[in-house]
Amino acid sequence: MTLFPEMIGQGMNTSILGRAIQSGLIELEIKNIRDYTLDKHRKVDDYPYGGGAGMVMEAEPVYRCYEAICSEAGCVPRVVYLTPQGSVFRQEMVKEYAREEDIIFLCGHYEGIDERVLEEIVTDYVSIGDYVLTGGELPAMVMMDAIARLVPGVLNNEESAGTESFSDGLLEYPQYTRPPEILGRKVPEVLLGGHHEKIRQWRQEQSVQRTRERRPDLYEIWKEEG
């Protein structure tokens, strides 16, 4: 649900996600909230009660759009509202959302959306970080990208999603490709030997070290859980 459907369409219909949509592994339906306003000029915002800068998205077109989606889906999907006031998006949430059959992403704009419709339809308030963007479209695409990667068949190499950063609570180990030496730096010898157990151990050690150095907060959580 967005005021800028072309932004979502252009961002999602490329690369891995574009192929996943084309092959039917995931389905993306973009709803333009302006299509659900009764205003002849397709106006969807108004001045805030109590004064203040900016405009607020009206409740009615948002709710009418939501009702149309529920009617078409034949169910009441989970509704994620992208807002800096929400819980910070993490890999645990990615896994949770990937199990859902349908999810609605509600993208706000201007100074936000009339609180009354949020109270009526939103199930999840989610933020991708402690900063403010001009709208919810980019955060929605970030979330959709992360979630779609866990859908079976989206990634050509199914093992990839299980070894990336955060999959086991640690950051991913360093990666290398040919040539074996460049810029005066060599590929670690252990990766050239073909000994799978030694490679696995080296990668685990590197993940632990990298997490301890770069994300000590995650490292402490990993230690407590592990």
Side-chain angles (χ1 to χ4, degrees), residues 1-35 65 69 72-73 77-84 86-109 124-179 182-183 187 191 199 203 206-207 210-211 214-215 218:
M1 299 171 63
T2 175
L3 297 179
F4 301 94
E6 66 283 354
M7 186 175 180
I8 301 289
Q10 292 170 5
M12 294 296 292
N13 286 294
T14 57
S15 189
I16 292 173
L17 297 187
R19 292 195 296 271
I21 293 171
Q22 291 174 8
S23 62
L25 293 170
I26 57 177
E27 183 178 350
L28 172 64
E29 186 166 354
I30 307 168
K31 293 291 189 181
N32 188 343
I33 296 172
R34 293 186 189 279
D35 294 340
C65 182
I69 294 172
E72 293 172 12
R78 200 165 180 169
V79 178
V80 177
Y81 177 49
L82 293 313
T83 169
S87 301
V88 177
F89 190 49
R90 298 186 181 279
Q91 191 66 20
E92 292 78 11
M93 298 168 70
V94 176
K95 296 174 183 177
E96 179 183 342
Y97 289 135
R99 292 192 289 267
E100 295 286 341
E101 186 70 22
D102 300 283
I103 302 178
I104 297 173
F105 293 95
L106 173 57
C107 303
H109 221 73
D124 301 65
Y125 294 80
V126 181
S127 167
I128 63 167
D130 294 335
Y131 45 87
V132 179
L133 300 172
T134 55
E137 286 75 19
L138 289 175
M141 286 190 282
V142 166
M143 291 188 63
M144 288 189 282
D145 184 292
I147 294 165
R149 292 170 62 82
L150 297 189
V151 174
V154 170
L155 297 180
N156 290 330
N157 181 0
E158 293 300 329
E159 184 183 359
S160 178
T163 59
E164 292 174 333
S165 291
F166 310 115
S167 61
D168 61 355
L170 296 171
L171 301 183
E172 189 179 13
Y173 47 79
Q175 298 277 16
Y176 302 88
T177 188
R178 292 181 287 184
I182 191 170
L183 304 174
V187 173
L191 300 179
I199 291 174
R203 286 175 168 171
Q206 291 294 311
S207 287
R210 177 163 288 191
T211 306
R214 301 184 180 181
R215 290 292 303 274
L218 292 179

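Reckoned from all heavy atoms, side chains included, excluding hydrogens, waters and symmetry mates.
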Practice problem: For side-chain contact (heavy atoms from CB on, under 4.5 Å), just list the numbers for Y176 and L191, CA-CA rounded to whole Å, side-chain angles, deciding distance to a tenth of an Å, and then say yes or no. | Solution: CA-CA 9 Å; Y176 302 88; L191 300 179; 3.5 Å; yes
Using the test salt bridge (charged side-chain N to carboxylate O under 4.0 Å, His left out), find all partners of [X] that sit at least two apart in sequence or belong to another chain.
X    : result
E29  : K31
E96  : R78
R215 : D217
E27  : none

Can you name the closest pair of heavy atoms from [X] and [Y] and give their distance?
X    : Y    : value
G136 : L82  : O-CG, 3.8 Å
I33  : M1   : CD1-C, 3.8 Å
M93  : S87  : CE-O, 4.5 Å
A98  : I147 : CA-CG2, 3.7 Å
S207 : Y173 : OG-N, 3.3 Å
P179 : V187 : O-CG2, 4.2 Å

Practice problem: For V126 and Y97, run side-chain contact (heavy atoms from CB on, under 4.5 Å): C-alpha distance rounded to whole Å, both residues' side-chain angles, the deciding distance at 0.1 Å, then the answer. | Solution: CA-CA 12 Å; V126 181; Y97 289 135; 3.5 Å; yes
Quiz item: In this structure, are over 12 heavy atoms from other groups packed under 6.0 Å from E72 atom CD?
Solution: yes
Practice problem: Just grab all the ring pair (Phe, Tyr, Trp, His ring centres under 6.0 Å) pairs involving residues 3-27, residues at least two apart or on different chains. | Solution: F4-H109
Quiz item: Got a sec, which pairs hit ring pair (Phe, Tyr, Trp, His ring centres under 6.0 Å) with one end in residues 8-28, sequence neighbours left out?
Solution: none
Self-check item: Gap between atom CD1 of I16 and atom CG of L25 - 0.5 Å precision
Solution: 12.0 Å
Self-check item: Verdict with supporting geometry, L150 and V94, side-chain contact (heavy atoms from CB on, under 4.5 Å)
Solution: CA-CA 8 Å; L150 297 189; V94 176; 3.6 Å; yes
Quiz item: T211 side chain to L171 main-chain N or O, any donor-acceptor pair under 3.5 Å?
Solution: yes
Quiz item: Do I30 and L28 have side chains that get closer than 4.5 Å, going by heavy atoms?
Solution: yes
Quiz item: So, do L133 and P139 sit near enough that their side-chain heavy atoms are less than 4.5 Å apart?
Solution: yes
Quick one: side-chain contact (heavy atoms from CB on, under 4.5 Å) partners of [X], sequence neighbours excluded?
X    : value
S127 : none
R34  : L3, N32, R42, V44, Y110
M141 : M7, I8, M12, L138, M144
V142 : I128

Quiz item: Under the side-chain hydrogen bond (donor to acceptor under 3.5 Å, both in side chains) rule, what pairs show up with a residue in residues 132-147, not counting sequence neighbours?
Solution: T2-E137
Quiz item: For residues 10-24, which residue pairs qualify under side-chain hydrogen bond (donor to acceptor under 3.5 Å, both in side chains), counting only residues two or more places apart or in two chains?
Solution: none
Exercise. Check the pair I103 / V80 against side-chain contact (heavy atoms from CB on, under 4.5 Å), numbers first and verdict last.
Key: CA-CA 7 Å; I103 302 178; V80 177; 3.9 Å; yes
